[in-house]
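Below: one structure, written as structure tokens.
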Amino acid sequence: MLTTIFTSLGIAWSISILWGIVKFARLYFLTPSKLHRYVYRSSSSNGVGGQEKEQEKEEPWAVVTGASDGIGRSLVQELAAAGLNIVLHGRNATKLEKVQAELQKAYPARSFRLLLADAGLVRGAAAVGSDSSPGDSNGEVAHGIDVEAMVKRELESLHITVLVNNVGGGVKNPLMGDFTEYSPRQNTEALSKESLFAMHLTHAMLPQLRNNHDGALVISVGSMADIGIPLTATYPASKAFNKTLFETLALEDRLARMENREGNAGRRSDVEIMYVRLGDVTNVSWRRGTESLLMPDARTAARAILARIGCGRSVVTAYWAQELLRLTCEAMPAWVRDRFLLWVMSGWRAGVERNGGDASASIAGGGIL
């Protein structure tokens, strides 16, 4: 009897492992990207405003935040190559204009526009809905960015089919440290940059995206640090917020379709909403160097993100090797995982301190960050 029970358990365990391998292989090596679904022209043209203006309104656009460097810039390159025009978001006008010129030369058939905004200065709750104007002494500088007004002013006229919330980076000075080492302003700006800007931008753009006749795509570029990483408290907390937010938005969209609910303009097309995790990446603004199995470069990471489009998951790890690491950590007992994280972060901080704060020359975060 016991032999039969143990044999049955062994068979069930083997089937479970085999099925997990099949699902992993199908997700990362057999399922093609569905990005092409979102490269389509608008059917709502009315012929008013001149041929050039009308063509701009018809052609598909993507908005990419944090587009001046690293993963954001690589995503722009991949999206432009796929046939999308791009709105490049950043806070440094000079840097963004240089990137725009380089991209225009590399992709002459595409159009590029700039969206200047400091994501670390989103309006707080007390200022949301304030009627002060940007020119007032108590205007945008004091109250922060009015994202809803910015979208209405800069993006409403475009046929946008893709939104990529990518801007982030956490607190940079010091790169890592105890929570109390950072000022309230540093923590607040980090939260604004990592989460609030994406939340407000998505809120402002969803009605527009839902009115597209053939659907739209929203991606939040996340991090494997959303499990909680010491010495970077606001960063994993922000990513965990984003994970829950965008996973919930995906469920809300499914619920609306199930109940056949209409959108703000009397119709509601499908919007694919994804939170896509990444671990350590090289060739970004704060780390340069050679890629490895667990640490791809920014271009490889961008391709991995876009490769997951249409996979059927609202939360997914972009890069296959980092998903293996995540699954390994998930399978560990909690106390083992915690000790592993403490060991990794202790070693990384020691490496950063030895190299005068230069993370690119220090021990990598084990593929996690």
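Just the heavy atoms: all of them, side chains too, but no hydrogens, waters or symmetry mates, feed the values below.
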Treating [X] as the side-chain partner and [Y] as the backbone partner, does any N or O pair qualify as donor plus acceptor under 3.5 Å?
X      : Y      : answer
Asn166 : Val221 : no
Ser220 : Gly222 : no
Gln100 : Phe112 : yes
Thr31  : Arg26  : yes
Ser74  : Gly70  : yes
Gln322 : Leu278 : no
Ser314 : Ala250 : no

Short side-chain donor-acceptor distance under 3.5 Å, [Y] and [X]:
X      : Y      : result
Thr300 : Asp297 : yes
Ser195 : Asn242 : yes
Tyr38  : Asp214 : no

Could you state the interatomic distance from [atom1] ([X]) to [atom2] ([Y]), rounded to the nearest 0.5 Å?
X      : Y      : atom1 : atom2 : answer
Glu252 : Leu245 : CD    : CG    : 9.0 Å
Thr248 : Leu255 : OG1   : CG    : 12.0 Å
Leu155 : Leu163 : CG    : CG    : 9.0 Å
Met274 : Cys311 : CE    : SG    : 4.0 Å
Leu116 : Leu88  : CG    : CG    : 10.0 Å
His89  : Ser68  : NE2   : OG    : 9.0 Å

Should [X] and [Y] be counted in the same cluster of Ile, Leu, Val, Met, Phe, Trp and Tyr side chains packed under 4.5 Å apart?
X      : Y      : answer
Trp343 : Ile227 : yes
Phe29  : Leu306 : yes
Tyr319 : Leu30  : no
Phe24  : Leu293 : yes
Met332 : Trp335 : yes

How close do [X] and [Y] get, heavy atom to heavy atom, and via which atoms?
X      : Y      : value
Arg37  : Gly310 : NH1-CA, 4.3 Å
Ala301 : Val281 : CB-CG2, 4.0 Å
Gly228 : Leu341 : O-CD1, 3.8 Å
Ile145 : Ala119 : CD1-N, 4.3 Å
Gly177 : Tyr182 : N-OH, 3.0 Å
Gly83  : Pro60  : O-CG, 4.1 Å

message = Around atom CZ of Arg91, are there more than 12 heavy atoms from other residues, nucleotides or ligands closer than 6.0 Å?
response = no
ask   = Does NE2 belonging to His203 count more than 12 external heavy atoms closer than 6.0 Å?
value = no
Do [X] and [Y] make a side-chain contact, defined as non-hydrogen atoms from C-beta onward lying under 4.5 Å apart?
X      : Y      : value
Leu75  : Ile305 : yes
Asn212 : Tyr40  : yes
Val87  : Leu158 : yes
Tyr107 : Gln77  : yes
Ile309 : Ile219 : yes
Thr161 : Val39  : no
Tyr28  : Thr317 : yes
Leu294 : Leu325 : yes

message = For Leu84 and Trp61: C-alpha separation, side-chain torsions, deciding distance, then whether side chain to side chain contact (heavy atoms under 4.5 Å, CB included) applies.
response = CA-CA 5 Å; Leu84 287 152; Trp61 286 78; 6.0 Å; no
ask   = Among Arg326, Arg277, Lys239, Lys243, which one satisfies salt bridge (charged side-chain N to carboxylate O under 4.0 Å, His left out) with Asp226?
value = Arg277
inquiry  = Salt bridge check, Lys95 against Asp69: does any charged N sit closer than 4.0 Å to a carboxylate O?
reply    = yes
message = Please determine whether a side-chain nitrogen of the Lys or Arg among Glu78 and Arg73 lies less than 4.0 Å from a carboxylate oxygen of the Asp or Glu.
response = no
key: Candidate pair Val164 and Val63, rule side chain to side chain contact (heavy atoms under 4.5 Å, CB included), full reasoning   = CA-CA 6 Å; Val164 182; Val63 176; over 6 Å; no
task = Test side chain to side chain contact (heavy atoms under 4.5 Å, CB included) on Leu231 and Asp178 and set out the steps.
result = CA-CA 5 Å; Leu231 304 181; Asp178 182 84; 5.6 Å; no
request  = For side chain to side chain contact (heavy atoms under 4.5 Å, CB included), just list the numbers for Arg337 and Phe340, CA-CA rounded to whole Å, side-chain angles, deciding distance to a tenth of an Å, and then say yes or no.
outcome  = CA-CA 5 Å; Arg337 183 174 63 248; Phe340 171 69; 5.5 Å; no
key: Among Lys193, Gln186, Arg185, side chain to side chain donor-acceptor pair (under 3.5 Å) partner for Glu189   = Arg185
